[in-house]
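These figures come from a predicted structure and were not determined experimentally. Numbered from 1 within each chain, the chains take letters A, B, ... in sequence-line order.
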Amino acid sequence: MYLELEKRLAERLRAVLKDKFGAELAQIPMEIPPDLKMGELATPVALQLARTLRKAPKIIAQELVAAIGSLNGFASFEVAGAGYINARFDRASAATAIATGTEHSPFAQDHALVEHTSINPNKAAHIGHLRNAILGDTFVRLLRAAGQQVTVQNYIDNTGVQVADVVVGFLHVEGKSAAEVRSVIDDCAERFAKSGKFAEAFDYLCWDLYARTSQWYTTGTDAENEARKKLRYDTLHAIEHGGNETAEIAELISTAVLRRHLETMLRLGIEYDFLPRESEILHLKFWESAFELLKKSGVLYFENEGKNKGCWVMTRPCAEVTEGETDEDAKVIVRSNGTVTYVGKDIAYHLWKFGLLGKDFGYKQFFSYPDHECWISTEHGEANHPHFGGAQAIYNVIDSRQSDPQANVIQALRGMGHAEQADRYTHFGYEMVALTPSYAAQLGYQLSDEDRAKSYIEISGRKGFGVKADDLMDLMIAAAKSEVVKRHTDWSDAQVEEVASKIAYGALRYYMLRFSRNSVIAFDQDMALSPEGETGPYLMYAAARIRSIFRKGQTTPENVLAEFAQLSPEKTAAFLSGEENEDIWALWLRAGQRMSVLDQCIGTSEPMHLAKHAFQLAQDFSNFYHHHHILTEEDAAKKLFLLATAAVALRELVAVLGWLGIESPEAM
RNA sequence: GCGCCCGUAGCUCAGCUGGAUAGAGCGACUGACUACGAAUCAGUAGGCCGGAGGUUCGAAUCCUUCCGGGCGCACCA
């Protein structure tokens, strides 16, 4: 509703400005006044134009208001302050629009590709990976809500050094044979399927082995360490090359771990469409095709001088290059030994994402969700498969530290003449997740006095210091359970379990989403699960309480809204005006802002705005709830109106929580 | 050395393309359960928006510079 009226007013103003002053503005600034008493929408456009028109802003504003006349959906316009134009909505018609809730998204119908999660398939997922996946998944939900067609990708680096380390761990630290590794994987799967205990799952076993192997490289004699390091790179190269037993074992390990990652993320409702793997990018020779394109476009050049002599290099994004001089700072893409660097492979991969490579993966089915399949890359795939890649816009959810390589890829695209694609390549960066000192201590980590004074404690997967995602979720569920049990002694165990899980997952997702992407999250379970303050449980509680009103009133939001549509505009307007009803009007207005918040989230690639909006909506409702008693209201029309208010609040809250990937229980 | 991010209330954070009196949550203090769920609500105290310049009718927001903190800048992957 808000977004529609905002656009309508901006359009009218643009026409009036052109007609009266000959001024053409691409954008009419619009804002929400600091106080509802001033109206629902305001524009400082007259202030902005004062200089160019050489006129007092107040005069301009007055002339504009006169020229606007009347506008559908608005009650009045007035000049305020130094030259603001404040607009008041026609409250009854606004309420009708909000109650019907048919506002559709005004966005372009693009095909977007979101890549997130991308965990090295060599150990269990940890809390930092959860932030990545939750951010990515939420953004996917937002794009879909806006009507975009979205494919979700999870890039798997199955031929990297991290996988090699676990292979080295099994084969050389533990001295297992290939057959033994196979049976370990099978045993783990079997035991885990039977017990459901994550501690017995294969990704947990790898977590410890990876940490041990990392240490093994540095804890021998110098000569031993040298040999171990050689072993590490020999293993890596065997995996990259493929077609040997080491590569086969790596494939088994990475696939088994990957499957666990998908299960972990599914707990939070996070699903994927396609899993492109590094191994296919190598074996299907994506790079070779990209190399030709890069050479042809002149983005890459062969360096004959300086420290990069013998390499194919690329100029960096912000580099200042003087003609005739060697650019020592250039980014090496092909090494002097002829092998390609990480950025090179990434360029090839991104050309594929935009459909510019002229090559495709083979596809096979890998993992089934209730309503769709997740596909994985393979050399020789199934004949019938969906089409991936060829997106118009891409979003890469990768932590902020990777901004440099991301910038290199964008630079290459632009250099190849794909400016439009480069502009629609978003590095969806985010900061790390750490732990509050008190939570780290709660998890059993020994902290120094210095650590305790810090505002957060960093985690490290390599050192095995951190919280595994599944453990974290289990801990949160257990904590939620103890609260639920206290309040509902009559519930069955299954009921408690279900509601506690919803609370825990919702609390986790909300906590990962309530901060802006570039702020470090110091995670604390108690803070995330707190029923007070800006948390998931607070939001879920608000929804549960509204549901309980309808249960007790023996009606449904749908019935109430259908009946509300019959109420006369005069009555609605009366119920929405007056000092004592300002809080109700504020709640309706908040409910009408969903689309404009969505617009803001997508425009800034920042889901946090929606999290804040959901919180404010719940807060507005709680406020309303304590000031107006609904079910005992004697005036039938007034009671209907109050019920409609609750219905709208619930519908919006549930919708917004759904976009955040949070399910709200019927009762909690 | 170059580049990116951050510095706002005791703490954790919002503040959209410059705009009206800088906002939340937590914590502290006061109040409100014989009415729809108090896992709630209302209220009070608390800020030279890191410092200094500049642009502007107008700056937490833009520019410059300094201070303080974090992270990138390999022919590693």
Side-chain angles (χ1 to χ4, degrees), chain A residues 27 29-31 33-35 38 42-44 47-48 50-51 56-57 80-84 86 120 157 159-164 233 236 240 278 307-313 316-320 329 331-337 339-342 345 399-405 407 429 431-432 436 455 483-484 486-487 503 514-516 518-522 524 527 529-535 537-538 540-542 544-553 596-597 599-601 603-604 606 608-609 612 615-616 619 622-623 625-633 642-643 646 667-668:
Chain A
Q27 276 243 315
M30 285 287 175
E31 56 194 61
D35 193 326
M38 301 173 177
T43 176
L47 292 160
Q48 212 175 65
R51 193 173 182 78
Y84 280 92
N86 288 351
N120 275 306
D157 183 7
T159 58
V161 71
Q162 299 218 32
V163 170
Y233 286 101
L236 173 63
E240 279 178 346
E278 174 100 350
K307 67 173 181 143
N308 294 333
K309 186 176 176 183
C311 299
W312 286 88
V313 301
R316 284 179 194 275
C318 313
E320 287 170 30
D329 192 40
K331 173 73 197 164
V332 172
I333 303 296
V334 181
R335 302 182 190 105
S336 52
N337 67 5
T339 58
V340 59
T341 60
Y342 175 78
K345 285 182 273 193
D399 80 273
S400 304
R401 288 173 296 205
Q402 304 281 341
S403 65
D404 206 53
E431 267 294 342
M432 64 171 174
T436 61
S455 60
E483 291 301 311
V484 173
K486 259 190 253 170
R487 295 177 170 83
I503 292 172
R514 60 168 283 204
F515 301 97
S516 62
N518 50 18
S519 81
V520 175
I521 296 181
D524 188 298
M527 283 192 215
L529 272 172
S530 168
E532 288 166 34
E534 193 190 337
T535 66
Y538 173 86
M540 291 183 268
Y541 176 67
R545 203 159 47 175
I546 304 175
R547 289 196 168 104
S548 129
I549 294 170
F550 286 96
R551 267 198 305 275
K552 204 143 266 180
S596 77
V597 175
D599 185 44
Q600 188 187 7
C601 287
T604 57
E606 182 57 89
M608 170 207 67
H609 299 300
K612 301 276 178 208
F615 175 63
Q616 284 165 340
Q619 225 177 12
S622 293
N623 182 311
Y625 175 85
H626 277 267
H627 284 88
H628 305 271
H629 203 267
I630 301 167
L631 295 177
T632 54
E633 174 59 49
L642 292 175
L643 275 169
M668 58 187 274

message: Looking at B:rA24, I'd like to know if its phosphate oxygens (OP1 or OP2) sit under 4.0 Å from a side-chain N or O belonging to A:Lys612.
response: no
- line: When A:Pro34 and A:His628 are each assigned the nearest nucleotide of RNA chain B, the 5'-most assignment goes to A:Pro34
task: Would you mind telling me which of B:rA20, B:rA77, B:rC16 lies closest to the side-chain atoms of A:Ala42?
output: B:rA20
query: Which of these nucleotides, B:rC41, B:rC75, B:rU21, is closest to any side-chain atom of A:Val332?
result: B:rC75
query: Of all the nucleotides listed (B:rC36, B:rG15, B:rU40), which has the minimum atom distance to the side chain of A:Pro531?
result: B:rU40
query: At under 4.0 Å, does any side-chain N or O of A:Gln619 touch on OP1 or OP2 of B:rG25?
result: yes
- request: Could you give the distance separating B:rU17 and B:rC5 at their P atoms, to the nearest angstrom?
  value: 14 Å
- prompt: If the P atom of B:rC63 is compared with that of B:rA24, how far apart are they to the nearest Å?
  reply: 29 Å
query: Under 4.0 Å: is that the gap between some side-chain N or O of A:Asn337 and OP1 or OP2 of B:rC75?
result: no
- prompt: Would a distance-only check, ignoring hydrogens and angles, find a side-chain to backbone donor-acceptor pair under 3.5 Å from A:Thr535 to A:Ser530?
  reply: yes
task: From the options B:rC41, B:rC36, B:rU12, select the nucleotide whose nearest atom is closest to the side chain of A:Arg514.
output: B:rU12
field: N/O (side chain, A:Arg487) to phosphate O (OP1/OP2, B:rA38) under 4.0 Å
entry: no
query: Given the P atoms of B:rC36 and B:rC26, what is the spacing between them in whole Å?
result: 24 Å
message: Main chain of A:Asn518, side chain of A:Ser400: is a donor-acceptor contact present, judged purely on distance under 3.5 Å?
response: no
- request: Select one nucleotide: of B:rA39, B:rC41, B:rA77, the one nearest the side-chain heavy atoms of A:Tyr541.
  value: B:rA39
task: Give the nucleotide from the list B:rA77, B:rG27, B:rA42 with an atom nearest to the side chain of A:Lys345.
output: B:rA77
- request: Please check the phosphate of B:rA38 (OP1 and OP2 only) for any side-chain N or O of A:Arg545 closer than 4.0 Å.
  value: yes
Straight-line distance of A:Leu529 CG to A:Asp524 CG, nearest 0.5 Å: 9.5 Å
- prompt: Does A:Ser548 have a side-chain nitrogen or oxygen under 4.0 Å from the phosphate oxygens OP1 or OP2 of B:rG37?
  reply: yes
Residue A:His629, side-chain atoms from C-beta onward, closest of B:rA35, B:rA38, B:rC75: B:rA35
message: Using Watson-Crick or G-U wobble geometry with both distances under 3.5 Å, which nucleotide pairs with B:rG25?
response: B:rC11
field: B:rA45 and B:rG18, which share atom name C1', separated by this distance in whole Å
entry: 32 Å
query: Considering only B:rA77, B:rC41, B:rU21, which nucleotide approaches the side chain of A:Met38 most closely?
result: B:rU21
query: Any idea which of B:rU21, B:rC75, B:rC16 is nearest the A:Asn308 side chain?
result: B:rC75
field: Watson-Crick or G-U wobble partner of B:rA39, both distances under 3.5 Å
entry: none
field: Partner nucleotide of B:rC62 by Watson-Crick or wobble geometry (both distances under 3.5 Å)
entry: B:rG54
Inter-nucleotide P distance (B:rA14, B:rG25), Å rounded: 16 Å
task: With A:Arg545 as the cation and A:Tyr625 as the aromatic partner, state whether NZ or CZ is under 6.0 Å from the six-membered ring centre and within 45° of the axis.
output: yes
- prompt: What integer number of Å spans the C1' atoms of B:rC57 and B:rU12?
  reply: 37 Å
task: With a 3.5 angstrom cut-off on both distances, give the Watson-Crick or G-U wobble partner of B:rC33, or none if there isn't one.
output: none
query: Would a distance-only check, ignoring hydrogens and angles, find a side-chain to backbone donor-acceptor pair under 3.5 Å from A:Ser336 to A:Cys311?
result: no
Nearest-angstrom distance, P atom, B:rC67 to B:rG1: 10 Å
message: If you compare every side-chain N and O of A:Arg335 against the phosphate oxygens of B:rA77 (OP1, OP2), does one of them come in below 4.0 Å?
response: yes
message: Between the base of B:rA74 and the side chain of A:Asp329, is there a donor and acceptor pair under 3.5 angstrom?
response: no
- prompt: Which base sits across from B:rC2 as a Watson-Crick or G-U pair, both distances under 3.5 Å?
  reply: B:rG72
task: Using whole Å, report how far NE2 of A:His626 lies from C1' of B:rC36.
output: 11 Å
- prompt: Nearest of B:rA42, B:rA77, B:rG27 to any side-chain atom of A:Val161?
  reply: B:rA77
message: Please check: side-chain N/O of A:Thr339 versus main-chain N/O of A:Arg335, any donor-acceptor pairing under 3.5 Å?
response: no
query: Any donor-acceptor pair under 3.5 Å between the side chain of A:Ser519 and the base of B:rC13?
result: no
task: Nearest-nucleotide wise, let me know which of A:Val520 and A:Gln600 is further upstream toward the 5' end of RNA chain B.
output: A:Val520
- prompt: Going from CD on A:Glu633 to CG on A:Leu643, what distance comes out if it is rounded to the nearest 0.5 angstrom?
  reply: 10.0 Å
- prompt: Can you check whether A:Tyr625 has a side-chain N or O nearer than 4.0 Å to OP1 or OP2 of B:rA35?
  reply: no
query: Taking the same atom, P, in B:rG72 and in B:rG54, what whole-Å distance lies between them?
result: 37 Å
task: Using Watson-Crick or G-U wobble geometry with both distances below 3.5 Å, tell me the partner of B:rC48, or none.
output: none
